[in-house]
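Structure, as C-alpha cells:
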Amino acid sequence: MLEPNALLQGRYRVVRILGEGGMGTVFEATDERFGSRVAIKQALVLDAHLAGAFEREARLLSALRHAALPGVIDYFVEGNLWFLVMDYVAGEDFSTLAERAGGPLPVATVLAWGDQLLDVLGFLHDHSPPILHRDVTPQNLKLTPEGRIVLLDFGLAKGAAGDMATTSAHKSIYGYTPQYAPLEQIRGSGTDPRSDIYSAAATLWSLLTGQAPPDALSRASAIVTGQPDPLRPAHELNPAVPERASAALHWARSRR
C-alpha cells in the first residue's frame, strides 16, 4: 500500500487514498511537473493476460474525449503494480449525495443527470468496437461543482471488472455491484451495451426512489417461482416521477 508522500516515477506525489476495492486502489496525488492534482489508479496485475488487458485499457481510454469522462494522462509499471494516471475529478459521488438526502432526490435534477449519463454511454457504445463500462452505479458517478456528471472506474477500483469488454462476444469476468448488475453479467454469460443501460436504469431508479434496487437474481428467482417481480415502478414509490419516465426505467430492466 502506498503511503502519503510516496513519489512515483519521480513525478507523482501521493496525497491520500480516495477509494479501494478488490481490483485496486485509487489515490489523489500531485503532479510535481505541472503542479496539478491527479487521480492515480493502482491495479495488482498477477499474470500476462491481465497485464495485456490493463495496457489495452489504458491506451483505449487515453484516446477517448468526452466531458463526462476523466482524461488519461499516463500509465506505468513499478514492480508488479500497474498505475493509470487520470484527471482528478472534484465533487461527490452520487451515493454520497443520496445518503445525505435520506430519500428521493429532485426528479427534474435526476432526469437531467440521466440525459448526461445516457449521452456518455451512447458515446462509449458507438465506439468501434463498443466500449462497455459494466459497473454503472451511484458510487461510480461523480457530480462536479459545475453540475456535470463524470463516469469513473473503468475496471480498476471498487471491485469493477478489470478486463474491460469491448464486444458483446466477451464474457463478463467477476467484479460487479450486485444490485446494479444485469442477470447476464452475474451469470457470466456475456455483456453488451444493453447491460450498461440496465445498470444506468437501476442507478436512476435508486436516486428517484431513495431505495436500493432489488438485485437481478432475486427478481429472476421470484419470476421463476411465480412470485411478483420485487421491482416496483418508480412512480409507485415516488408519485413525483412522471409515468413515462417510470415506464422507460422499468422497460430498461425488464427486457430479459
Side-chain angles (χ1 to χ4, degrees), residues 21-23 53 57 68-69 93-95 98 110-111 113-127 129-141 149 151-209 211-234 236-237 241 245-256:
M23 301 300 292
E57 180 177 21
L69 297 175
D93 66 47
F94 280 62
S95 177
V110 174
L111 294 181
W113 291 337
D115 287 340
Q116 294 183 53
L117 177 56
L118 292 176
D119 182 74
V120 68
L121 289 178
F123 170 79
L124 294 171
H125 297 165
D126 286 343
H127 193 274
I131 299 168
L132 311 180
H133 186 276
R134 298 193 301 171
D135 201 27
V136 180
T137 68
Q139 292 84 359
N140 286 342
L141 287 164
I149 72 164
L151 181 60
L152 302 171
D153 292 336
F154 282 77
L156 297 175
K158 298 183 181 175
D163 184 4
M164 185 172 64
T166 54
T167 71
S168 59
H170 281 71
K171 292 184 182 294
S172 305
I173 69 170
Y174 296 114
Y176 50 80
T177 306
Q179 291 172 311
Y180 297 90
L183 191 61
E184 69 273 11
Q185 186 170 3
I186 295 173
R187 287 177 169 171
S189 58
T191 52
D192 63 32
R194 294 173 299 171
S195 307
D196 279 348
I197 298 302
Y198 179 103
S199 298
T203 294
L204 296 173
W205 183 95
S206 176
L207 298 174
L208 288 168
T209 64
Q211 298 186 20
D215 66 85
L217 282 178
S218 297
R219 295 182 61 205
S221 177
I223 292 170
V224 167
T225 57
Q227 301 300 313
D229 186 343
L231 176 64
R232 294 177 59 190
E236 291 185 5
L237 300 172
V241 178
S246 177
L249 294 176
H250 206 75
W251 172 84
R253 300 178 64 200
S254 59
R255 54 187 164 66
R256 287 174 174 76

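Here the structure is a predicted model, which is why all the values come from computation and not from measurement.
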Looking just at side-chain N and O atoms, do T137 and Q139 make a donor-acceptor pair shorter than 3.5 Å?
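Distance-only check passes for T137 and Q139.
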Can S218 and D215 be counted as having a side-chain donor-acceptor contact under 3.5 angstrom?
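Yes, a side-chain donor-acceptor pair sits under 3.5 Å.
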Which pair of non-hydrogen atoms, one from [X] and one from [Y], has the smallest distance, and what is that distance?
X	Y	result
R253	Q179	NH2-O, 4.4 Å
A234	S246	N-OG, 3.1 Å
D229	R219	OD2-NH2, 2.8 Å
A216	Y198	CB-OH, 3.6 Å
A245	L111	CB-CD2, 4.2 Å
I131	D196	O-OD2, 4.3 Å

Beyond-backbone contact of [X] with [Y], side-chain heavy atoms, under 4.5 angstrom:
X	Y	result
V120	L69	yes
H133	L151	yes
W205	P214	yes
E184	R194	no
L124	L132	no
N140	D93	no
D119	L117	no
R134	S199	no

Under the 3.5 angstrom rule, does the side chain of [X] hit a backbone N or O of [Y] as a donor-acceptor pair?
X	Y	answer
T209	Q211	yes
T191	Q185	no
T225	S221	yes

Could you check L118 against I197 for side-chain contact (heavy atoms from CB on, under 4.5 Å), going step by step and ending with a plain yes or no?
CA-CA 8 Å; L118 292 176; I197 298 302; 4.1 Å; yes
In Å, rounded to the nearest 0.5 Å, how long is the span from CG of D135 to OG of S195?
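It is 12.0 Å, given to the nearest 0.5 Å.
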What distance do L141 atom CG and Q116 atom CD have between them, rounded to the nearest 0.5 Å?
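L141 atom CG to Q116 atom CD measures 10.0 Å (nearest 0.5 Å).
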Pair F94, T203 - check side-chain contact (heavy atoms from CB on, under 4.5 Å), show working.
CA-CA 9 Å; F94 280 62; T203 294; 5.8 Å; no
